[in-house]
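Okay, so here's the structure we're looking at.
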Amino acid sequence: VQLQASGGGLVQTGGSLRLSCTASGRTFSNYLGWFRQGPGKEREFIAAVSRSGAFISYADSVKGRFTISRDNAKRAVYLQIDSLKPEDTAVYFCAANTRLFSKTDRQYDYWGQGTLVTVSS
């Protein structure tokens, strides 16, 4: 499975972005998720969605501002980010987990290359 993330960019505080991640190859991922790594910080869990879309989990820090969704027909997962803050500046990664739900990056089997989101104040 290869993942390709896109949609990052420079945006002002309060703005919005929609990140996309498309998968190619054998796609049998139970969970698709987004993580981010800010400057000088460890990579952190943002959100994940189950294969059916019925189960979704968010990190507390992004609840109410971030929305994850997936389109299995397009082999894609999306992250809508609203009300952006400077502390949201980070490289955002999509990832695929073929097993059980987890917020731990070590449990994810496949990773995209990351897309940079920069929020100016």
Please answer: with hydrophobic residues joined when any side-chain heavy atoms are less than 4.5 Å apart, are [X] and [Y] in the same cluster?
X	Y	result
I68	F55	no
I56	V62	yes
V49	L3	no
W34	Y108	no
F66	V119	yes

With rounding to the nearest 0.5 Å, note down the distance linking [atom1] in [X] to [atom2] in [Y].
X	Y	atom1	atom2	result
L100	Y31	CG	OH	7.0 Å
L84	T118	CG	OG1	10.5 Å
L19	S6	CG	OG	8.0 Å
K85	S121	NZ	OG	14.0 Å

Of all the heavy-atom pairs spanning [X] and [Y], show the shortest one and how long it is.
X	Y	value
D82	S16	OD1-OG, 2.9 Å
C94	A5	SG-CB, 4.0 Å
V1	Y110	O-CD2, 3.4 Å
K103	S57	CE-OG, 3.5 Å
A47	Y58	CB-CD2, 3.5 Å

If the plane angle is over 60° it's perpendicular, under 30° parallel, otherwise tilted; pick one for W111 and F35. tilted
Look at the aromatic rings of F45 and F101 and report parallel, tilted or perpendicular, splitting at 30° and 60°. perpendicular
If only atom types and distance count, is the side chain of [X] paired as donor or acceptor with the main-chain N or O of [Y] below 3.5 Å?
X	Y	value
D60	K63	no
S102	T104	yes
R75	S24	no
Q113	Q4	no

Is any side-chain heavy atom of N30 less than 4.5 Å from a side-chain heavy atom of T98? no
I81 and Y92, any side-chain heavy atoms less than 4.5 Å apart: yes
With respect to V117, which candidate in L79, L17, T89 satisfies the side-chain contact (heavy atoms from CB on, under 4.5 Å) definition? L17
Kindly state each residue pair satisfying salt bridge (Lys or Arg N to Asp or Glu O under 4.0 Å) with at least one member in residues 88-100, sequence neighbours excluded. R36-D88, R65-D88, R99-D109
Sequence neighbours left out, what passes side-chain contact (heavy atoms from CB on, under 4.5 Å) with S69? Give chain and number order.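 Scan of S69 (side-chain contact (heavy atoms from CB on, under 4.5 Å), adjacent residues dropped) gives Y78.
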